[in-house]
Amino acid sequence: MTPISFILLIIGIPLALMLLYVFIRGSMGLRKYILTRIGLTLPMVFILASLVFFIMRVLPGDPVRSALGPRGTAEQAEHMRQALGLDKPLIVQYGIFLKDIITLNFGNSMVGGHRPIIDEMSERFPATLELIVPASILALAIGIIGGALAASRRKAAADYFLRVYSVVIYSLPIFWFGLMLQLLFGIQLKLLPVAGRIDPIIRTTLEPVTNMYLIDSLISGNWPALGSAVSHLILPTITLGLVLSGVFVRMTRINVIETLQADYIAAARARGIREKVVVYGHALKNAMIPVITLIGLQVAILLAGAVLTETIFNWPGMGGYLVQRISARDYTAVQSVIAMFALLVALISLTVDLIYSLLDPRVRY
Amino acid sequence: MKKKLQIMLAVLMVAVLALSACQPKSGEKVTIIIGVTDQIASLDPADAYATHDWELIKNIGEGLLVWKPGSSDELVPGIAQDMPEISEDGLTYTLKLKPGIKFGDGLELTAPMYAQQLNRLLTIGPSCPNDVADTLAIPYVESITAPDDETLVFQLKVPVAYFPQILADAPYLPSHPDKFPLTECVLFPEAPIYGVGPWFISQYTQNEQLVLEPNPYYEGERTPQVDQIIIRYFTDPQTLALAVQNGEIDIAWRFLDPELIDQLRGVADLTVGDIPGGAIRYLILNHTMAPMDDPNVAKAFAATIDRDAIVDTVYKGAATPLFSMDPPGFLGATDAFDTMYQSPNITLANEFLAASGYDENNKCAIELWYPPDHYGAATAAWMELIKQQLEAANFTVDLKAQEWSTYVTALTGGESYQAGVLGWFYDYPDPSNYLDPFVYNGGMGTNVTLAAEGSDYGEAINEKAQQLVDLLAQADVETDIAARTELYQQAQEIYADLVVTVPIIILGEHITYRSNIHGSDAYGAAETLNIATNLEFNYSTLTKTP
Amino acid sequence: MAEKFFQAASAKPAEAASDVLVRLDNVRKHFPLQSGFIASLLSGGHTPAVKAVDGISFVIKKGEVFGLAGESGSGKSTVGRLVLRLYEPTSGKIFFDGIDICKLPEEQMRRLRARMQLVFQDPLASLNPRMTIGQAIQHPVSIHLSHLSQEEQREKVLHILEAVGMIPPESYFELFPHQISGGQRQRVVLARALVTGPELVVADEPIAMADVSVRALLLDLMMQLKEKLDLTYLFITHDLATAKYVCDRIAIMYLGKMCEIGPLNEVYQHSAHPYTRALLEAVPVPDPRRRRTEPMPAGEIPSAINPPPGCRFHPRCPLAQANCAVDEPPLREIRPGHFVACHYAEKV
Amino acid sequence: MPAEPLFSIRNLTVEYATRAGAVKAAEDVSFDIRREEILGLVGESGCGKSTLGKALMRLHRTPARITGGELLFDGRDLMKLTEDEMRAVRGAEIGMVFQDPMTSLNPVQRIIEHLTETVRAHEPRTTDQEARERAAVLAEKLGIRSERLKEYPHQMSGGMRQRVMISLALALRAKLVIADEPTTSLDVIVEAKFLDLLRELRREFGLTILLITHNIGVVAEIADRVAVMYAARLVEIGDVQDIFASPKHPYTQGLLRSVPNIQLDGESLYKMEGMPPNLLHPPRGCRFHPRCPFAMEICRDYSPELQAVDGDHFTACWLYHKTTGKEGAKNG
């Protein structure tokens, strides 16, 4: 994926969706609201990125020494410092950093190949996206259906099972859970691959366009690649999706139970509406309103979970990248990734708020 | 409406199942997949200074001299017609190129082009981020010239006994002038990357995989036996182990933790090849800092270490005790520390300590440091063991951990740490590479010499240290093998007496591969896919049976 | 069996101006619909607002029970909070005992607050279940009368507990709200409001949540306390029937405006505003022999964002003429002390 | 007066399971709802009247349950129906209007969807279009302009929402509408108009209405008969004129006298002593006896039965019992 299309993907698509949304809902207040939110998001991202910039430099350890190791001489260190621009005064470095962020250029990585961060992110980010989107869908599906089921069968076996499930799954160490899945479906049953995004040999036949292999293989009509990408996606998705689903089951259950106490539920029953329709049609939709907000807040947890899942399944995404670069004290990479994450979280929470207003006709901007 | 939805879902499910059932079609190509937890830091020969980078550079390229596959001590001509012609004073090395050496894209390699590319080492090398030049070129090489189309002349600054070995190192391999321009280092050139060796890099996705295909113009010894090699990059050793167990990769190369290796040994269809490795772990003592400035304390320290306990409990046999910094099998290697201290020898240790006034009631307190994030989880375990061993004698130990970059700066800067752990792997298999760095010019924090202006060796802190510096300097230029051996034997004895560093273990390397993968019987060490102590991995000797 | 009755207070003679405790002068309170700095920048100055109170004036005399009635959305609760300066008025002046409270600095206002109290709509919900009765009542004392010693503060609490009929007061001091009956809790809430010795009590629908049989008791207690502690009430209610039993004077509000003010009996018997008339007519009478026959005004109470021009009631008024849609009727005195804002009050 | 009542409630008892034990929210309640009448069921909060209203449709939810009694509706015992059969009765034959029209409508569902969903729940063959047309006709009758049907509940005023609730109850021509405090959250003028509407509907559709309320004025305004509940029991039932003219039960007497009456001058309000009992530990005997000015010895130990005092007027009070004590069941 080229850096330009990467930026389009991460910023352009959400913005386009929002514009579409404005077009549909179209009130003046809504436009103002979105402008306001975007207006507030940018300084927030900026402040956070600046904070990370200074924290990274206050933290012990530095990228030069970390990379050089024991044989590095002071001279070599000096060379490297110059090459990386770390010899400049902090304020100058900060200026460069701001310029890099504003131009969405992000500068070059300080370790490894010293490649432009934008290149590295445009390779890694689509991988993370390809993991967290299906995992979130799975988590939501289990969470919503399970939560609604538990709420409607309150204090029955299904409810107890789902409550135990949500507690157990929530407290499961993701590492252990992923390993168990690998051992069962990979080593024992030989059903699914345990590592990577796609079969390495098939990968050589796939021309990456978006770096999301599902999409790339679909575009190019490379069916074995699609099959391989899907089969590689299953275990990581289950791992991340199931672990996240615990929270969603709990949240949905509580909200559906609360909603089921509402007068309009009693009123719907009094009109002879089927219990299934009452629970899944009336209660669930209303319960989803607060749940949607909470989902927005889960994005951070999702990203944290993605870090671990990516490590376990050797999924070359942003999570592993961030961890690797923090330990190498790769200032530019960490700053840029955090700024990117912040932007992402802000955009997602804005999108969630808009979905909220779609679900809840009472919300008017 | 509901029914439609159900049908759609069912169709979708079937489609997904059908797709995922599509077995990867390997087609006619025979492919071997090698998994590693390493990462590529640089592919520029003038810059790269990491084991994995060198492995790739040496497989896509070929040096003037190459190590014979499966051996650690036999250099043979590669793209050179013969072994180098060395002048009387040992300062001029002359080699002739074989005719018709071509890069993978058909570009012919001439001596002037080669010399020009090699000169990048001397010109831009030191300003490259990984900077191999400051270690392997600048100290030795005065100039590299090509008097004609087939001759290369290396003019050295000082006579260097082991220069042929250095010539086999990655920095001296020819690089493609299109990908590696004279004025800048290019760490990640766009694929395809062609060298003059058996392979070329046809595809590369960072952190995911690298694809090697045979160089159609290669005419050397190391002819590829398969159609494609894929290097797959892993972040977690556990996943690497699972992947080889599951057959998703054919070979699991570096690094698998000792416990994982232990588990994989019992798995059917897998072979674990043990390579007597060159990676050592040692403790560094700061000789300018109390109490390590007291020779008795340093000796007592050396006398307490129980290397067998570490090998057995932490490494489960996947390592070997090390009694000299010059590992066994290398020129002149002795068991100096064993001879001198017979460690563990608590009585001896306490005698040394008593000589400096430490006893049971007045124990010698030391701080021992390690980086928890750099050498794997095993480090913490065996550092704890060493603490126990030291405390069996009249030491009290404060075991401290510190993040890697801070740790390495403080330790090798000699600023604040009395003692700490480090690892070492050679740049070329020669005793000088295992002894000099710890002695010369501050000695990476051992401080048996102090860095001095205008001196390559530094200023020795005492007479014994001066003796050691002199012996090593002499050995560096001595070309007579017997004399050199003698010099190193003496040096190791003084080294052990000074306790410059404390060698602990030498780690074996392991290569785990599926049973349809074979090395070549034509070379040594077929069991380890022809990888010997020097860890030279020639992908060309690999074959795969269906 | 004790059968206590209390007499409905009749209107008192008009009192001198110095007897005025609260005076509102053309007070407005508009709630902007959007808030936030950036939002107000983006909207370019003109923000739509809910005109909850839109220019009203009246006085509350010392010692009287002043009723403020109207339907939901009329702005009556907003007036209550304005009087206590819990809201800042958009414009107009509010005087308490001759002091212009709108301009009062925070510190002085804080001291003045001890002289006025609010009793909430749902008195039962306003007690913290983890505070003892004593603590709950002492809390406002420790804020407003912090100069008193612990012992003096406790004295005050015991005194007020006695006043609200919780005898002996010491026995209730350490109890928690759940340990006493609902009626006693109502008393505690009153005690808490009255412990700092306020002169004005703003009672916002104080009995709306109570049951029929409890309402009478609560009203009786409030009236007893008024006499005992020399209080003035601003009694906000939507229940005209209850107001009849307690208020000396009453004001009727519609859509942020005052329709009619006057002595209670005067207003009830000679209501001069069509809206007051409709409101009184609509109150269900607990007597099946006297069922209502009058038709109710058409339509519903409009939005306070864009209220109708002229007389706000004109779109629903049976007497409305052309000019009602244009001219806003001023509040005029049609009989001594009886003010009405209707062009055709004489026809009602 | 038609001979056969529309709905006969016989000895209905509803219990709540609480941590502190079972609470009877309705105990041994029997009364008839006659065809085309408006029956007012009055009582103070917590007396069990709302629970009773829900139990009549078997709409009570755990932890409440009906522990005894018969619900004879239009010739069938509702207690004997399966849940599915019961569901068919709800909405189609018995409609319900709840106290708070704001919370009784699904906030994320348009008004028209409420209506069509209700129709189609009972008549699955009706197309969406037909259901919409029917809904529009009905709404028009109730004074809801058809274009407002596209709105969401929050866009409507309280009075409008209550009309919607009524239209939902009538969407399938229910014979009986149970209205639980339908006017409590409405302002007086809106309330008055709503009562007018109820009267009109009864006239037009021959509707039977059970009006559950604590507002005595509303009952006086609209009801034909009145039933009074106190502490989970029915204490008095009879013609509205009779009861208001001469209440028999001391509780009814006190209740009526404590209601403010705007049309009376110089009157004073009666203050009933004490508080309604906690249903977890109800008093022995007559539940009203601790507050009753006329309490007798027998009231403390024996619970009186509902008995006719004159013609159609019944009360449960020892003062009117011809045969003292013997029929009373000892309870406590």
Side-chain angles (χ1 to χ4, degrees), chain C residues 1-8 10 69-74 181-184 209-221 238-246 265 268-269 275 278-292 294-298 300-303 316, chain D residues 42-47 157-160 183 185-193 195-196 214-224 226 239-241 243-245 251 254-276 278 291-295:
Chain C
M1 188 84 247
E3 256 188 48
K4 289 183 192 162
F5 292 84
F6 70 87
Q7 292 293 190
S10 54
E71 293 179 277
S72 41
S74 62
S181 75
Q184 286 170 329
M209 297 283 174
D211 260 314
V212 187
S213 68
V214 180
R215 280 183 186 188
L217 277 170
L218 198 63
L219 286 177
D220 183 39
L221 177 64
H238 69 278
D239 182 356
L240 289 178
T242 305
K244 175 175 178 297
Y245 289 83
V246 287
N265 285 341
Y268 274 36
Q269 278 155 26
Y275 178 64
L279 213 50
L280 288 168
E281 187 60 42
V283 177
V285 180
D287 185 347
R289 289 164 305 178
R290 302 168 81 165
R291 289 187 171 171
R292 176 177 53 82
E294 292 283 312
M296 286 289 108
E300 298 181 326
I301 188 164
S303 149
R316 305 174 66 191
Chain D
V42 296
E44 297 178 83
S45 55
C47 73
S157 66
M160 245 342 152
T183 63
S185 62
L186 302 182
D187 278 310
V188 275
I189 293 178
V190 185
E191 176 184 73
K193 288 161 102 177
L195 295 180
D196 289 346
H214 71 277
N215 191 328
I216 311 289
V218 166
V219 169
E221 189 74 47
I222 188 172
D224 302 317
V226 185
D239 183 82
V240 68
Q241 303 290 351
I243 288 195
F244 277 78
Y251 173 66
L255 192 66
L256 293 183
R257 283 162 74 196
S258 58
V259 179
N261 186 339
I262 197 163
Q263 293 198 347
L264 295 181
D265 264 343
E267 276 277 347
S268 39
L269 284 182
Y270 172 75
K271 288 179 290 157
M272 213 184 292
E273 278 297 302
M275 301 282 291
N278 179 352
R291 301 173 74 186
C292 182
F294 314 109

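So you know, we letter chains A, B, ... as the sequences are listed, proteins then strands, and number each from 1. Only this structure's heavy atoms are used, side chains among them; waters, hydrogens and symmetry mates stay out.
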Item to check | Pro288(C) versus Val240(D), closest heavy-atom pair with distance | outcome: CG-O, 3.7 Å
Checklist outcome for this item: Looking only at His238(C), Met296(C), Arg291(C), the option with the highest number of non-hydrogen pairs under 4.5 Å against chain D is Arg291(C)
Checklist entry - Taking Thr183(D), Ile222(D), Val190(D) one by one, which has the highest count of heavy-atom pairs under 4.5 Å against chain C? => result Ile222(D)
Checklist outcome for this item: Partner of Val188(D) under side chain to side chain contact (heavy atoms under 4.5 Å, CB included), picked from Leu280(C), Leu279(C), Leu240(C), is Leu279(C)
Checklist outcome for this item: Turns out that what part of Pro297(C) lies under 4.5 Å from chain D's heavy atoms comes down to both
Checklist entry - Highest number of heavy-atom pairs under 4.5 Å with chain C: which of Ile216(D), Asp196(D), Leu256(D), Asn215(D)? => result Asp196(D)
Checklist entry - Contact part of Gln269(C) toward chain D, heavy-atom cut-off under 4.5 Å: side chain, backbone, both or neither? => result side chain
Checklist outcome for this item: Heavy-atom nearest pair, Ala216(C) first then Leu269(D), reads CB-CB, 4.3 Å
Item to check | Portion of Leu186(D) that has a non-hydrogen atom of chain C nearer than 4.5 angstrom | outcome: neither
Item to check | Engaged part of Val226(D) at the chain C interface, taking heavy atoms whose separation is under 4.5 Å | outcome: neither
Item to check | Under 4.5 Å from a heavy atom of chain C, the part of Ile189(D) involved | outcome: both
Next on the checklist: How close do Asn261(D) and Pro286(C) get, counting heavy atoms only, and between which atoms?
Outcome noted: CG-CD, 3.8 Å
Next on the checklist: Tell me which one of Leu219(C), Leu221(C), Leu217(C), Leu218(C) satisfies side chain to side chain contact (heavy atoms under 4.5 Å, CB included) with Lys271(D).
Outcome noted: Leu217(C)
Checklist entry - Can you tell which of Pro276(D), Ala295(D), Ala223(D) has the highest number of heavy-atom pairs within less than 4.5 Å of chain C? => result Ala223(D)
Checklist entry - Checking heavy atoms, do the side chain of Ala69(C), its backbone, both or neither come under 4.5 Å from chain D? => result neither
Checklist entry - For the atom pair CD1 (Ile262(D)) and OG1 (Thr242(C)), what is the distance rounded to the nearest 0.5 Å? => result 9.0 Å
Next on the checklist: Please report the interatomic distance CD(Glu300(C)) to NZ(Lys193(D)), rounded to the nearest 0.5 Å.
Outcome noted: 6.5 Å
Next on the checklist: Tell me which of these, Gly217(D), Ala245(D), Ser258(D), has more heavy-atom pairs under 4.5 Å with chain C than the rest.
Outcome noted: Gly217(D)
Checklist entry - Taking every heavy-atom pair that is under 4.5 Å apart, which of Glu44(D), Met272(D), Gln241(D) has the most such pairs with chain C? => result Glu44(D)
Checklist entry - Which atom pair, heavy atoms only, marks the closest approach of Val285(C) to Glu221(D)? => result N-OE1, 3.9 Å
